[in-house]
There are 2 protein chains.
Amino acid sequence: MARSPQKKSSAPVSGNAVTADLVAVLVAVTDGTPKIMTIAGGSALPSGPFEFTHRSLQTALRAWVEAQTGHPLGYVEQLYTFADRGRSGDAKGPHSVSISYLGLTREDKVGEGFEAHWSGWYDYFPWEDHRAGAPACLAKIIAPQLKAWAKAASSPTLQRERWQRCAITFGLDDRDWNEELVLQRYELLWEASLIPEAGRAHGREAPVVPGKPMTADHRRILATGIARLRAKIKYRPVVFELMPAEFTLLQLQRSVEALAGRLVHKQNFRRLIEQQELVEETGAMAADTVGRPAKLFRFRHAVLAERAVAGTKLPLSRT
Amino acid sequence: MARSPQKKSSAPVSGNAVTADLVAVLVAVTDGTPKIMTIAGGSALPSGPFEFTHRSLQTALRAWVEAQTGHPLGYVEQLYTFADRGRSGDAKGPHSVSISYLGLTREDKVGEGFEAHWSGWYDYFPWEDHRAGAPACLAKIIAPQLKAWAKAASSPTLQRERWQRCAITFGLDDRDWNEELVLQRYELLWEASLIPEAGRAHGREAPVVPGKPMTADHRRILATGIARLRAKIKYRPVVFELMPAEFTLLQLQRSVEALAGRLVHKQNFRRLIEQQELVEETGAMAADTVGRPAKLFRFRHAVLAERAVAGTKLPLSRT
DNA sequence: CCATCTTATGCTCAAGGAGAGTATAAATGG
DNA sequence: CCATTTATACTCTCCTTGAGCATAAGATGG
């Protein structure tokens with residue numbers, strides 16, 4: 001299994017033994033706000049050592065989350081595996097491998113006695129919420145800072161390239177906003193030393209970009225999770241994992257918008273959902289509504305068996 | 001970093017220390033045949049211990065592959081991380097974490113003195129090549145075996161569900177073939193004990209499904225890589241990593257078809273490539289051709305800087 | 001030189017999907 | 001009754017996509 005393929009194999013690494021951690025990005029949506037489970041006062045994602053008593057990483061994660069929140073995880077997907085050169089910066093400390101997961105669940109209060117709670121994910125990425133138009137911090141703070149960073153490059157060519165990258169990833173200079181580039185944006189800010197987590201490493205002054213920092217690379221992991229989820233909702237019906245058993249189409253739409261960070265065209269959204277036969281009417285109507293009452297729907301779990309679901313793109317507005 | 005979030009934290013796992021391995025799915029395409037780098041006479045993917053002397057997993061993989069083949073890796077992407085309960089089935093052996101990567105490269109002979117060489121990936125998955133229509137083994141061997149497996153379920157409902165799954169993933173009963181379901185198909189065959197690697201575990205008789213087996217779960221990892229690549233070529237211009245510097249549009253098309261395992265509509269393929277401005281003419285013409293000589297093109301690396309490339313879907317034929 | 005074969009390349013057409021807007025219905029609170 | 005709010009039904013147009021026709025430019029065999 002662990003064959004060394006090379007004849008010229010390099011010497012086996014001393015201290016090849018490492019520790020394995022799980023890091024979870026657990027997402028729920030409540031009232032149009034996407035939330036993630038956090039610990040340590042919102043400064044870290046839940047994480048812990050992997051227990052090899054489980055059959056697989058997935059089951060380990062499920063068991064762990066259920067023990068913590070008392071509720072089962074609907075959808076689970078592996079995100080990324082990071083290798084650290086050793087914890088706490090000590091090159092000689094034990095090496096660690098962090099395996100991160102994305103998990104979708106219905107919002108539920110964390111059981112009593114637990115340190116964890118839910119935090120809005122836009123607290124960590126204020127520039128990612130475009131539901132009410134481009135956030136002010138983008139034009140007022142981020143764009144100027146990025147422009148300054150681009151100008152600081154050594155040659156005019158490099159300056160242009162830097163700015164082009166910024167404009168593309170952040171939708172500047174009249175370019176379209178691409179909501180899926182969450183990770184690229186975070187990494188660009190990091191590169192420009194505008195992120196506290198990076199600032200320390202670079203020995204820079206206090207950063208000016210808004211957004212709550214997190215321990216170590218947890219905010220990067222969160223960015224990875226958000227990006228993955230934003231991409232996924234377009235071709236897999238995973239939003240339903242975040243919904244209650246019955247919901248109106250507007251509630252469903254608001255959840256999608258919350259995740260995507262942008263608005264969708266209402267009529268087209270309904271058309272899309274209905275023509276894909278993803279939902280069915282329950283017969284009941286929503287109760288506490290303001291305007292005309294809406295029909296209640298439920299997810300048709302059968303579709304998952306009927307076809308290899310491929311569709312579910314969402315009709316984003318261009319404006 | 002490795003905080004334990006729970007107050008009710010379970011006891012730290014004894015023997016939390018593990019070993020970390022890299023497993024690589026290295027892909028190249030030659031003359032319309034997709035190939036992967038293998039070792040041990042084609043029965044295993046290249047793999048080895050992760051060296052923590054590198055900055056990241058990616059750089060570790062790159063260095064390792066270059067040392068082995070003498071050629072740089074163009075595109076690298078993490079695939080999946082598996083945790084084994086311990087090697088060689090011993091529950092008490094050292095636990096191991098396998099981190100798998102997908103890497104794209106131009107075909108090149110492996111340097112002398114190396115054990116590795118290139119194997120066609122359809123040797124391992126004969127049922128995945130639909131370029132000349134559905135392979136004979138599908139209708140003659142796989143479908144009947146799956147039908148038998150479905151019939152063996154305990155209740156009529158279960159039998160129907162099983163068969164429905166089979167029909168969807170394998171495109172039976174007049175359903176469309178979905179080339180991206182490589183992993184699902186492999187896992188279904190595994191579940192039905194039609195895969196040698198699984199047969200042992202289930203204590204079944206010799207399997208009848210064609211396809212060369214591999215060590216441990218390497219064939220599953222390969223399936224993961226193929227699936228990922230087949231999905232990726234539709235929205236990212238990664239095919240070019242597999243092409244020589246200059247190529248004709250037909251050569252490009254053949255490479256895409258080789259990966260996707262199905263044919264595309266020639267004229268529409270050209271339209272797609274050209275309208276996305278992914279290539280530019282070199283001015284030269286192909287030399288050794290049979291029919292009318294074709295223009296040579298090169299990949300426009302500039303597009304990667306110009307826009308967040310989103311398109312590159314491929315126009316599959318429905319027939 | 002011509003017929004034929006092979007691949008390259010240009011162009012048209014029709015159906016379906018996606019973005020956007022109009023119009024009407026059904027509730028609530030003055 | 002009216003304004004307001006949300007729900008729901010259609011329509012329209014543009015673009016994409018699958019598919020096919022037609023022509024061009026080479027090679028080869030007679």
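Reminder, nothing fancy here: chain letters follow the sequence lines and each chain counts from 1.
- A:Gln251 is linked by a side-chain hydrogen bond (donor to acceptor under 3.5 Å, both in side chains) to nothing, counting only residues two or more places apart in sequence or in another chain.
- Checked by distance alone, A:Arg271 brings no side-chain donor or acceptor within 3.5 Å of a matching partner on the base of C:dG17.
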Stepwise side-chain contact (heavy atoms from CB on, under 4.5 Å) check, A:Phe247 with A:Val279: CA-CA 10 Å; A:Phe247 48 83; A:Val279 297; 4.1 Å; yes
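- In this entry the distance linking CZ of A:Arg262 with P of C:dG19 reads 10 Å, nearest Å.
- Residue-level contact check: B:Leu250 touches the backbone only, with heavy atoms under 4.0 Å from sugar-phosphate atoms and none from bases.
- The phosphate of D:dA7 has OP1 or OP2 within less than 4.0 Å of a side-chain N or O from A:Lys266.
- Rounding to whole angstrom units, NZ of residue A:Lys234 and C1' of C:dG17 are separated by 17 Å.
- The nearest whole Å value for the distance from the CZ atom in A:Arg254 to the C1' atom in D:dA7 is 12 Å.
- What separates CZ of A:Arg270 from P of C:dG21 is a distance of 18 Å, to the nearest Å.
- Between the B:Thr38 side chain and the B:His117 main chain, a donor and an acceptor come within less than 3.5 Å of each other.
- Rounded to an integer number of Å, the gap from B:Glu274 CD to C:dA8 P is 13 Å.
- One atom, OH of B:Tyr235, and another, P of D:dT17, lie 17 Å apart when rounded to the nearest Å.
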Sugar-phosphate or base contact per nucleotide [nucleotides 22-30 of chain D; S, B, -; heavy atom under 4.0 Å]: --BBSS---
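- Partners of A:Arg162 under the side-chain hydrogen bond (donor to acceptor under 3.5 Å, both in side chains) rule, at least two apart in sequence or in another chain, do not exist in this structure.
- As a whole-Å value, the separation of B:Ile273 CD1 from C:dT9 C1' is 15 Å.
- For the side-chain hydrogen bond (donor to acceptor under 3.5 Å, both in side chains) test, no residue two or more places apart in sequence or in another chain qualifies with A:Trp177.
- For B:Gln275, whose side chain is taken as the heavy atoms from C-beta onward, the closest listed nucleotide among D:dG20, D:dT17, C:dT9 is D:dT17.
- By the side-chain hydrogen bond (donor to acceptor under 3.5 Å, both in side chains) test, A:Arg160 pairs with no residue at all, sequence neighbours left out.
- The stretch residues 277-286 of chain B participates, sequence neighbours left out, in these side-chain hydrogen bond (donor to acceptor under 3.5 Å, both in side chains) pairs: B:Glu280-B:Arg298, B:Glu281-B:Lys295.
- Taking atom CG on B:Leu272 and atom P on C:dG10, their separation rounds to 16 Å, with Å as the unit.
- Across all strands shown, A:Lys295 has heavy atoms under 4.0 Å from sugar-phosphate atoms exclusively, and none from any base.
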